[in-house]
Amino acid sequence: MSQPLSEQTIALVKATVPALEAHGLAIVHEMYARLFQNPDIAALFNQSHHGDAGSQPRALTGAILAYASNIENLAALAPAVERIAQKHVGLQILPEHYPYVADALLGAIKAVLDDAATDEILAAWGEAYWFLANILIAREDRLYSEQQSADGGWSGWREFKVVEVVPESAVITSFILCPADGLPVMAYKPGQYLTFWFDIPGHPSVKRNYSISAAPNGETYRISVKREPQGLASGWLHDTAGVGSRLKVAAPAGEFFLDDTSERPVVLLSGGVGLTPMVAMLEALVAKGGTAPIHYVHGTHDRTTHAMRDHVQALAASAGLISVTDFHQHPLGDEVAGRDYDIAGIITDEWLVANTPIAEADYYICGPRAFLRHAVATLSQAGVAASRIHYEFFGPADELLAA
């Protein structure tokens, strides 16, 4: 267990906030440059999120600043800490990796701030880093233990084989996976993801997270992957992977999942490939039954990019109290409202507030960052309590220790 931070450390870390605001991004770039000198450590990171224009350095800069600013009120960071721990478990981050990050971070602070980074400042940041690191290590240890002891669970990387490939749209394809060892797979909470380790010829190994797009069945997992421009992993899956392909997979993880104990109405709100965890949630809600209304609201570009529409419509038809509303931002010329989509254009603030149960529903939201930020802001301004707004986004999380 981490010892409480000393008052001196808290004061010194908070005193560095102006310097972090001015030089934080440079510190982060320097930190990653030092980390990536070790190929084993570099392999833990998603390199597509790095570089001068990468999103992860900006996210990490913001996270470090948030940690320094809230160093005396870490309860405010509890959701972010859980998100980091869950992602670390997916990536198989272990206690022995933490010293490398500590050395790189402290070295980067000294290199960028130079004489301003006194021995006292570096000692304070060292204490602050290990305080948080020990919290994460303890939480991750519990998560690893839970995964390994669960029915069908495992630790480390387990080999799965592709048993079915299903084109869902012009850009999204589903892959049905079963364990190569023929044993059962652990249950998961709808909304969680799998982490994959890809060994693609001619490239360094890469790790990617993909939401599970089906409700638990104890035998298989389904992921539904969008082909990303210049996407190494998604391109390989779409172009090369087929029935019989073998993949290395870590156990399900993630802090975004359906609360199956709630009796409130549910709104599943997604944009683009953000529908993947929503379909898993919808399948689980249909299987559970219940009397609370369910609203499935999805936005995409047009018919060619709209994945799993027939499946969602069939789920809605099989159970009562489910309404489905599809938005096509730019319907094709031969698309017909009521047949191919419901509403032309984007999901507007006004429509969302007027057509979903703002006063009582739980909202689950997934999609591109801009979509998510706007939806969360709209719901918050409409009076939806933060405890009823649950979300997942694509791209790097605003976190401290992982890519």
Counting only N and O atoms by type, is there a donor-acceptor contact under 3.5 Å from the side chain of [X] to the main-chain atoms of [Y]?
X    : Y    : value
K161 : L247 : no
R388 : I358 : yes
D103 : L106 : no
E283 : A215 : yes
E127 : S6   : yes
T118 : I121 : yes
K110 : L122 : no
N134 : W130 : yes
S169 : V171 : yes
N70  : A66  : yes

Search all heavy atoms of [X] against all heavy atoms of [Y] and return the closest pair with its distance.
X    : Y    : result
L275 : Y296 : CB-OH, 3.7 Å
A241 : S245 : CA-OG, 3.5 Å
Y210 : A233 : OH-CB, 3.6 Å
F256 : I365 : CZ-O, 3.8 Å
T9   : A124 : CG2-O, 3.5 Å
Y98  : H88  : OH-ND1, 3.0 Å

Rounded at 0.5 Å granularity, tell me how far [atom1] in [X] sits from [atom2] in [Y].
X    : Y    : atom1 : atom2 : answer
D151 : L183 : CG    : CG    : 12.0 Å
I223 : R208 : CD1   : CZ    : 12.5 Å
Y100 : N38  : OH    : CG    : 5.5 Å
I172 : H238 : CD1   : NE2   : 8.0 Å
L379 : I389 : CG    : CD1   : 5.0 Å

Are [X] and [Y] packed together at the side-chain level, in the sense that at least one heavy-atom pair is separated by less than 4.5 angstrom?
X    : Y    : result
V28  : P57  : yes
V162 : I176 : no
W125 : I109 : yes
L321 : I294 : no
F160 : T220 : no
D181 : R158 : yes
Q329 : T300 : no
V286 : I322 : yes

**Item:** Audit row: H374, D349, side-chain hydrogen bond (donor to acceptor under 3.5 Å, both in side chains) steps and yes/no
**Value:** CA-CA 9 Å; H374 189 83; D349 303 352; 2.6 Å; yes
Salt bridge or not between [X] and [Y]? Use side-chain N to carboxylate O under 4.0 Å.
X    : Y    : value
K226 : E168 : no
R303 : D334 : yes
K189 : D260 : no
D259 : R264 : no
R139 : E82  : yes
R309 : D326 : yes
R142 : E146 : no

Does a donor on one side chain sit under 3.5 Å from an acceptor on the other, for [X] and [Y]?
X    : Y    : result
S174 : R222 : no
S234 : E228 : no
S323 : H295 : yes
T195 : N209 : yes
S224 : T276 : no

For [X], I'd like to know if atom [atom1] has over 12 heavy atoms of other residues, nucleotides or ligands within 6.0 Å.
X    : atom1 : result
E72  : CD    : yes
Q230 : CD    : no
E159 : CD    : yes

**Prompt:** For the side-chain contact (heavy atoms from CB on, under 4.5 Å) test, which of Q192, H390, E392 pairs with F257?
**Reply:**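 For F257, the side-chain contact (heavy atoms from CB on, under 4.5 Å) check succeeds only for Q192.
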**Asked** Step by step, would you call D199 with W197 a side-chain hydrogen bond (donor to acceptor under 3.5 Å, both in side chains)?
**Response** CA-CA 7 Å; D199 290 311; W197 178 328; 3.0 Å; yes
**Item:** Whether F36 and Y32 hold their rings parallel, tilted or perpendicular, with breakpoints at 30° and 60°
**Value:**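 The rings of F36 and Y32 lie parallel, inter-plane angle below 30°.
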**Asked** Between Y221 and Y188, what is the ring plane arrangement, given parallel below 30°, perpendicular above 60°, and tilted in between?
**Response**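 The arrangement is perpendicular - the two ring planes meet at more than 60°.
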Strictly under 6.0 Å, is that where the ring centroids of [X] and [Y] end up?
X    : Y    : answer
F198 : W157 : no
H328 : H301 : no
Y341 : F327 : no

**Prompt:** Run the ring-ring contact (aromatic ring centres under 6.0 Å, His included) check on F175 and W236 step by step: do they pass?
**Reply:** CA-CA 12 Å; F175 300 85; W236 182 85; 8.6 Å; no
